[in-house]
Every structure is written in C-alpha cells, then in structure tokens.
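Worksheet for the structure shown next.
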2 protein chains.
Amino acid sequence: MSNTKQDTATRILDRALALINTRGLMDVGIREVAKDLGMRPGNVTYYFPTKEHLVLALMERLRSLNASTVPTGEVRSVKEFLDRYRQMFRNQTAFVGLVVNMVNVMRYPSLARTYRTIEIERMGAITQAISELVAQGQLKHISDVRIARLTSTISLVSRFWTSEASLHPEQKINDAVMEHYMRLLATALKPVCTKAGRKSLKEAFAS
Amino acid sequence: MSNTKQDTATRILDRALALINTRGLMDVGIREVAKDLGMRPGNVTYYFPTKEHLVLALMERLRSLNASTVPTGEVRSVKEFLDRYRQMFRNQTAFVGLVVNMVNVMRYPSLARTYRTIEIERMGAITQAISELVAQGQLKHISDVRIARLTSTISLVSRFWTSEASLHPEQKINDAVMEHYMRLLATALKPVCTKAGRKSLKEAFAS
DNA sequence: CTTGGTATTGGACATTGTCCTATATCAGCT
DNA sequence: AGCTGATATAGGACAATGTCCAATACCAAG
C-alpha cells in the first residue's frame, strides 16, 4: 500500500464520523471503526491513542469547517448575521453525532481545556455582532443586560437545537427542521430589530 | 437487618443519584454505587437488573416530583406560568446529572418509549397554556405558527438550560444561574404579552 | 424448628478502551 | 541489488465495565 499516515488517519476519521453520526458517540467503539476499515483495533490506536484523541480530531475538523465556511469580520445586517448561523447549522448537521452530545464531548479533559477559550470567544463574538448590528442601525439600542440575554438565547438555541431535535426521533434532521430553529433565532432577534433590521431579517428567509 | 426490598432499592437510588449528580451519568458505575453502600455489585442488579432500569427509576422519581410540586389545571397569568417553570427548574437541579444528559438518557430504549408520549404531552401542555394565557388576556392573539415557535423556544430553553450551564464549568448551577435562564423564558414571552401580561411577568421576578 | 421466599455473596462472562511487543512494509542510501 | 531505519499493522494482553448465575445467608410464617 502507498497509504501515508495522513491517508489512514483521514480514513479513520471519515469512517468514525459516519458511524458516530448514525449510531451515536457512545455506541461506536474503536473496534467497530477498525472492523469497518478492515484493520485491527490496535492500529487505530496507533493513529489515535485514545478515543478522546479521535473525538478531538473530529471537533477540530468541525472548527476548521466553520472557519472556512463562516465569514468573519464585521456583521452589517441581520440577514448576514442569520446567514452565518445558517451556515453553522449546516456544518453542525455534518457532525451531528458529536454536536447532539456536546455535554459528553466536553467531558473529555483535553476538549474541555481546548474549548474553554473557544467558548468564551463564541459568546464574545455574539455580543460583538449584536453591538455591530446596533451600530449599523439594524438593532435598537438596548441595555447590556438585554444584550447578555439575547446572546445567551442565541447561544443556547444554536448549540442545542440538534439535541432538541434528536428527542423527536420521528423527524430526521433535515433542511426544514434546521429552518425551524433558524426561525427561533429570528424570533429572538425580531423584537429588538429596527425597521431596517426587520426588513433584513425578512430577506434572510426569502427562499 | 430489617431492610425491606423497598428500603434497599431506595437507598440504591439515593446513592446513585447523588453520585450521578456529582460525577456524571457515564462515569458512575454499578460497582461504585454498590461499594458506597457496602454491598456487592450483584446485589444492585438484583434490584435493578440493568443500568437502564436504574435510570428509568430515577427519571420516574423526577416525573413524580414534578407531578407533586408543579400545579396543574388552567394557567391564569404569566406569573403563574413562569412560577410553574421555576418549580420545574428547581426540580431539574435535583436531578441535574440526568437532565444535563437527556440526549443519552433517551438512548435507553425503554426510556425513549416511555417518554415519547410524555414528550408530546409536554409540548401540548405548553401550547395549551399559551392558549389559556391568550384567553385570559395575558398574551396577545398570535398565529398558530408563532404559538408553535414560542412553544419550541420554551421547550428548548427549559430542557437544555442545565446543559448550557454545564458548558460553563466555572459557574456552578445555583439559584442565580437558574434565574438567568428563567429570564430567557420571560424574554421570549414578553413581546407577545399584553399590558396585563407584562405586569404579571414583572411580578414573577419581584423578589 | 422446619420451610420457602427474600436478600446477598462470590465469581463468571463478554465487551470496551487501552497498551505493548512482535512483525511486516517501504523509502532512502550505498 | 541489499541493508537499514522508520513507519505501519497485527496479535494479543490487561483492567474495568455491565450483566448474569449459582450458591449461600437471612428471616418471617407455619
């Protein structure tokens, strides 16, 4: 074989993600991933010494996917803001097996450590975006307390919508479900929108 | 010993809940619970054949706690509505080890089956409460779609606030944190409140 | 004081994550 | 070509876990 280390590691991650997305993080073992790839469990641990390393690598993939697909820089309109979240939502569906289980993923010490800072930045980014939208005349001037609450709501919805959806197993996660939770974000924003903001918000849902 | 079956089963549940609340569902094993009670693991499985049975019993406890502490019947004001949720929030903190991990709890087939119906009732109860508040002149008349979205937001926040809080490990879950998430519920309600509704909402937070 | 059900022990089993040593494979050098 | 060192894979071990089962202890009723 001409498999380089990179190749095999990638194949392991691909297969592991696919299995985790269908069967769930807790029900997918190293042995199952290995078997599916026609290799021995010991070989998987050669590339990823522990399951924690594997999950960490997958989360890094999600982070990198977000970095490459979600625009950064100043947010100029409510539509832009929501479009960024729509892209993040899409990315989350590709890693749904991990994202639904965020609470357990974060129990891995290395992930908790790594994402402690990311977490703070995440909240900070939302708060900043809201400030920018206020400056742009898209949102009304509101108190810091209300900004904090809006931030918290957006954070909670955007992080746990897949978990909530997973509790209604009769409906698979698809674009319609995703749009439903996008609407919840919009609903949270709407009361603090200016007239211009409301117009932009409407455009975010013009199919 | 004069331990009856009921006694020992209760002691097992008490200990298991305490351990799960501090160390998390996935990190607490039958052996640990048994050891803490000075008995053998096999004896725990005598009362609860599988971990699933144990978790099922604990969830039944939570359900029963809610049944005995959260008023039922028609909701007459926004304050009443929020007070019910405040009580549910309190109850959730007593079972936080399970509630933060709802996604995994529901992976147990028997729990998924049992709570499928409870889940539907839960959503239905929120929707009905909103209708009642509209009838009471506490909330504005809003479309079914908006009712559905409000229901979804309330459901999501009230189910996953502990999970969100657990991702900020620097702050332990306490009354202040609980009130923060209560405020998120209130913020979701406020835009659809009538004048009377807003007054009642304010009373819900008068310490 | 026997008896029958309840409670508890002690140990087995399969499965899991992890680890370690031996072997295979292959690229680069002479 | 043949050696060599690093990389890759196999094979099997280990401890811990959930689960199960047979043997024993206990205890209340007859």
Side-chain angles (χ1 to χ4, degrees), chain A residues 1-20 22-59 97-98 101 104-112, chain B residues 1-20 22-59 97-98 101 104-112:
Chain A
M1 292 272 199
S2 68
N3 282 345
T4 80
K5 179 155 184 170
Q6 199 58 21
D7 279 343
T8 308
T10 301
R11 274 171 49 224
I12 291 172
L13 288 180
D14 289 343
R15 203 84 206 99
L17 180 58
L19 286 172
I20 287 170
T22 58
R23 255 203 281 299
L25 178 61
M26 296 308 171
D27 292 353
V28 174
I30 268 74
R31 282 173 172 81
E32 194 179 349
V33 176
K35 196 173 188 180
D36 257 40
L37 291 168
M39 61 177 66
R40 300 275 135 165
N43 198 31
V44 174
T45 72
Y46 172 72
Y47 292 94
F48 303 98
T50 73
K51 197 172 175 177
E52 179 169 359
H53 287 82
L54 212 162
V55 171
L56 185 61
L58 286 175
M59 288 301 290
L98 293 171
N101 236 342
N104 280 78
V105 169
M106 289 306 162
R107 290 190 70 83
Y108 290 119
S110 67
L111 278 128
Chain B
M1 295 268 200
S2 68
N3 282 345
T4 79
K5 179 156 186 172
Q6 198 58 21
D7 279 342
T8 308
T10 301
R11 272 172 49 226
I12 291 172
L13 288 180
D14 289 343
R15 205 84 206 99
L17 179 59
L19 287 171
I20 287 170
T22 57
R23 253 203 283 297
L25 178 61
M26 295 307 171
D27 293 352
V28 174
I30 267 73
R31 281 174 172 80
E32 195 179 349
V33 176
K35 197 172 186 180
D36 257 40
L37 291 168
M39 61 177 69
R40 302 274 130 167
N43 199 31
V44 173
T45 73
Y46 173 72
Y47 293 95
F48 303 98
T50 72
K51 197 172 176 179
E52 180 170 359
H53 286 84
L54 212 162
V55 171
L56 185 60
L58 286 175
M59 288 301 291
L98 293 170
N101 235 342
N104 280 67
V105 169
M106 289 305 162
R107 289 191 68 84
Y108 290 119
S110 67
L111 277 128

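Naming convention: chains lettered A, B, ... in sequence-line order (proteins, then strands); numbering from 1 in each chain. Predicted model, so just to flag it, every value in this text is computed and none were measured.
- Residues passing the side chain to side chain contact (heavy atoms under 4.5 Å, CB included) test with B:Leu56 are B:Ser110, B:Leu111, B:Thr114, sequence neighbours excluded.
- The OH-C1' distance, from B:Tyr47 to C:dT8, rounds to 8 Å in whole Å.
- One can place CG of A:Asp7 at 15 Å from C1' of C:dC26, the figure rounded to the nearest angstrom.
- Residue pairs meeting the salt bridge (charged side-chain N to carboxylate O under 4.0 Å, His left out) criterion with at least one partner in residues 29-43 of chain A, sequence neighbours excluded, are A:Arg15-A:Asp36, A:Arg23-A:Glu32.
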Contact string for nucleotides 13-20 of chain D, one letter per nucleotide 5' to 3', B = base within protein heavy-atom range under 4.0 Å, S = sugar-phosphate only, - = neither, reads B---BBBB
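- Rounded to whole Å, the distance from OH on B:Tyr46 to C1' on C:dT8 is 9 Å.
- Scored by the side chain to side chain contact (heavy atoms under 4.5 Å, CB included) test, A:Leu25 finds A:Ile20, A:Lys51, A:Val55, A:Leu98, A:Asn101, A:Val105 as partners (sequence neighbours excluded).
- Remark: B:Arg40 is not in phosphate contact with C:dT8, judged by side-chain N or O atoms under 4.0 Å from OP1 or OP2.
- Protein atom NZ of B:Lys35 is 18 Å distant from nucleotide atom C1' of C:dT8, rounded to whole Å.
- Looking at residues two or more places apart in sequence or on another chain, you find a side chain to side chain contact (heavy atoms under 4.5 Å, CB included) between B:Asp27 and A:Arg107.
- Among residues two or more places apart in sequence or in another chain, the salt bridge (charged side-chain N to carboxylate O under 4.0 Å, His left out) test is passed with A:Glu52 by none.
- Under the 4.5 Å side-chain criterion, counting only non-hydrogen atoms from C-beta, A:Phe48 is in contact with A:Leu13.
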